[in-house]
*Asks:* 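The structure's right below; bear with me while I get my questions together.
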Amino acid sequence: MIYIENEQCKELLSDKDECLSAIRDAISIKKRGEYNQPIKPYLKFPDKRNRIIAMPAYVGGSKNVCGIKWISSFPDNLEKNIPRAHCLTILNSVSTGIPFCIFNASCISIIRTAALSTVLLDKYIQLTDRKKYVLGIIGYGPIGKMHKEYFCHLLKDQISEIHIYDKNIMKEQSDVIVETSWKEVYNQADILVLATNTVIPYLTEAPRLNCLTLNVSLRDFCVESFDLTNTVTVVDDWDEVNREETNIYHLSRKNKLIREDTINIEEFLDMKVPKGENRAYFVNTMGMALFDICIGNLAYDIYMRKLKNERTFSKNSIDSN
């Protein structure tokens with residue numbers, strides 16, 4: 001049994017291109033239906049903001065691995081100088097069911113989220129004719145910061161400015177422009193990432209035309225006055241995202257959105273539309289365990305490659321003496 005802590009896992013997953021490739025592989029596996037993933041249950045508590053989620057999945061195709069992610073979210077931890085989220089990921093053998101690796105690593109979930117958003121962003125820029133983009137991030141915790149890292153890796157000097165808003169960050173930072181309200185970020189962004197931990201909607205606008213809105217936190221919008229005309233609404237899985245008080249859930253309950261009004265992520269990646277059309281792109285990804293298992297499996301493979309190289313180097317050193 002191999003046990004890997006968060007900092008070691010970060011190092012194993014430091015190559016962003018490898019992580020993006022793993023996500024693309026996972027999307028291809030999803031498209032072919034070579035996976036099994038039950039609807040994830042939420043363990044709930046008297047404080048409705050707190051939850052622990054179980055996320056099991058079998059991933060077939062070239063991966064042929066299974067496992068489970070067990071992730072908690074307790075927002076008040078931040079006031080105690082404790083990370084909001086804690087996560088265990090366990091990988092099991094498909095042939096025997098024996099667990100072979102345990103990650104005590106929230107970075108798997110964070111990297112999975114940002115890497116998936118980046119793959120979708122890569123498609124979005126193919127649908128536009130702009131040379132420069134303003135990136136906006138509302139909620140600048142670990143997930144928001146990881147999105148900035150991945151987006152800068154993809155777009156490089158195509159990002160002209162980065163505007164952020166976070167109620168806990170009010171002072172200027174060298175690499176971003178800190179705004180004093182969400183509206184300032186919303187109004188300027190060509191690419192908008194919502195990465196808060198709110199359970200109370202506050203964003204009183206609809207997704208903007210000619211903007212990619214990545215609704216990572218899923219519950220930021222007040223949907224009462226939503227107009228989804230000329231909006232491409234993308235989901236990872238309709239049955240997953242249409243529940244647990246998400247914006248998609250409330251839109252469907254108000255008869256403003258049905259399954260047929262949405263496209264899934266693999267359909268979005270295959271999408272062909274003329275460049276320059278006035279559309280809003282509204283992405284809602286609940287988070288699928290198959291992506292976490294693929295990222296965890298990548299970390300395990302890299303760990304084993306490094307271990308093999310170290311053993312080969314050690315053997316060669318002994319033989320040379």
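Side chains included, hydrogens not; waters and symmetry mates left out as well; all remaining heavy atoms used.
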*Asks:* Taking only residues at least two apart or on different chains, which pairs with a member in residues 232-254 satisfy ring-ring contact (aromatic ring centres under 6.0 Å, His included)?
*Replies:*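 Pairs touching residues 232-254 that pass the test: none.
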
*Asks:* Quick one, Glu224 with Arg253, criterion salt bridge (charged side-chain N to carboxylate O under 4.0 Å, His left out). Give me CA distance, side-chain angles, the key distance, then yes/no.
*Replies:* CA-CA 11 Å; Glu224 285 74 13; Arg253 293 306 177 274; over 6 Å; no

*Asks:* Restricting to pairs with a member in residues 45-75, which pass ring-ring contact (aromatic ring centres under 6.0 Å, His included), not counting sequence neighbours?
*Replies:*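 Matches after skipping sequence neighbours: Phe45-Phe74.
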
*Asks:* Using only heavy-atom distances, determine whether the side chains of Glu179 and Gln188 contain a donor-acceptor pair under 3.5 Å.
*Replies:*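 Yes, side-chain donor-acceptor contact under 3.5 Å.
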
*Asks:* Working note: Val119 + Lys123, criterion side-chain contact (heavy atoms from CB on, under 4.5 Å); need CA distance, chi angles, decisive distance, verdict.
*Replies:* CA-CA 7 Å; Val119 169; Lys123 175 62 179 182; over 6 Å; no

*Asks:* Holding to salt bridge (Lys or Arg N to Asp or Glu O under 4.0 Å), I want the full list of residues that pass it with Lys30, two or more places apart in sequence or in another chain.
*Replies:*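 Partners of Lys30 by the salt bridge (Lys or Arg N to Asp or Glu O under 4.0 Å) criterion, ordered by chain and then number, come out as Glu266.
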
*Asks:* Which residues pass the salt bridge (Lys or Arg N to Asp or Glu O under 4.0 Å) test with Asp157, sequence neighbours left out?
*Replies:*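 Applying salt bridge (Lys or Arg N to Asp or Glu O under 4.0 Å) to Asp157 gives none.
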
*Asks:* Assess the side chains of Thr233 and Thr231: does a donor N or O sit below 3.5 Å from an acceptor N or O?
*Replies:*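 Short answer, no.
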
*Asks:* Does anything in residues 7-27 form a ring-ring contact (aromatic ring centres under 6.0 Å, His included)? List the pairs, not counting sequence neighbours.
*Replies:*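 Applying ring-ring contact (aromatic ring centres under 6.0 Å, His included) to every pair that reaches into residues 7-27, excluding sequence neighbours, yields nothing.
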
*Asks:* So do Val185 and Leu192 actually touch side chain to side chain, heavy atoms under 4.5 Å?
*Replies:*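 Yes, close enough: below the 4.5 Å cut-off.
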
*Asks:* Assess, by modelled atom type and distance only, whether the side chains of His153 and Asp17 contain a donor and an acceptor separated by less than 3.5 Å.
*Replies:*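 Yes - a donor-acceptor pair under 3.5 Å links their side chains.
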
*Asks:* Taking only Lys NZ, Arg NE, NH1 and NH2, and the carboxylate oxygens of Asp or Glu, determine whether Arg208 and Glu205 approach each other closer than 4.0 Å.
*Replies:*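 Not counted as a salt bridge, because no side-chain N and carboxylate O are separated by less than 4.0 Å.
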
*Asks:* Which side-chain N or O atoms in residues 296-303 pair as donor and acceptor under 3.5 Å with protein atoms at least two apart or in another chain?
*Replies:*
none

*Asks:* List the residues meeting ring-ring contact (aromatic ring centres under 6.0 Å, His included) with Tyr3, not counting sequence neighbours, and say none if there are none.
*Replies:*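 Not a single residue meets the ring-ring contact (aromatic ring centres under 6.0 Å, His included) criterion with Tyr3.
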
*Asks:* Do the side chains of Lys256 and Asp227 get close enough for a salt bridge, i.e. N-O under 4.0 angstrom?
*Replies:*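 Answer for the salt bridge query: no.
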
*Asks:* Sequence neighbours excluded, which residues qualify as salt bridge (Lys or Arg N to Asp or Glu O under 4.0 Å) partners of Glu245?
*Replies:*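 In terms of salt bridge (Lys or Arg N to Asp or Glu O under 4.0 Å), with neighbours along the sequence ignored, Glu245 is linked to no residue.
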
*Asks:* A side-chain contact here means heavy atoms from C-beta on lying under 4.5 Å apart; do Met286 and Ile248 qualify?
*Replies:*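 Not in contact.
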
*Asks:* Does Lys31 have any salt bridge (Lys or Arg N to Asp or Glu O under 4.0 Å) partners at least two apart in sequence or in another chain, and if so, which?
*Replies:*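 Checked Lys31 against salt bridge (Lys or Arg N to Asp or Glu O under 4.0 Å); matches are Asp270.
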
*Asks:* Check this for me, if you would: do Asp237 and Lys40 make a salt bridge, where the nitrogen-to-carboxylate-oxygen distance has to be below 4.0 angstrom?
*Replies:*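 Result for this pair is no, no salt bridge flagged.
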
*Asks:* With sequence neighbours excluded, what pairs up with Asn197 under the side-chain contact (heavy atoms from CB on, under 4.5 Å) test?
*Replies:*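 side-chain contact (heavy atoms from CB on, under 4.5 Å) check on Asn197 returns Pro75, Leu78, Arg84.
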
*Asks:* By side-chain contact (heavy atoms from CB on, under 4.5 Å), which residues pair with Asn247, not counting sequence neighbours?
*Replies:*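 Expected list: Asn215, Phe221, Val223.
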
*Asks:* Could you tell me which residues satisfy side-chain contact (heavy atoms from CB on, under 4.5 Å) with Ile200, sequence neighbours excluded, listed by chain and number?
*Replies:*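 So Ile200 forms a side-chain contact (heavy atoms from CB on, under 4.5 Å) with Thr198.
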
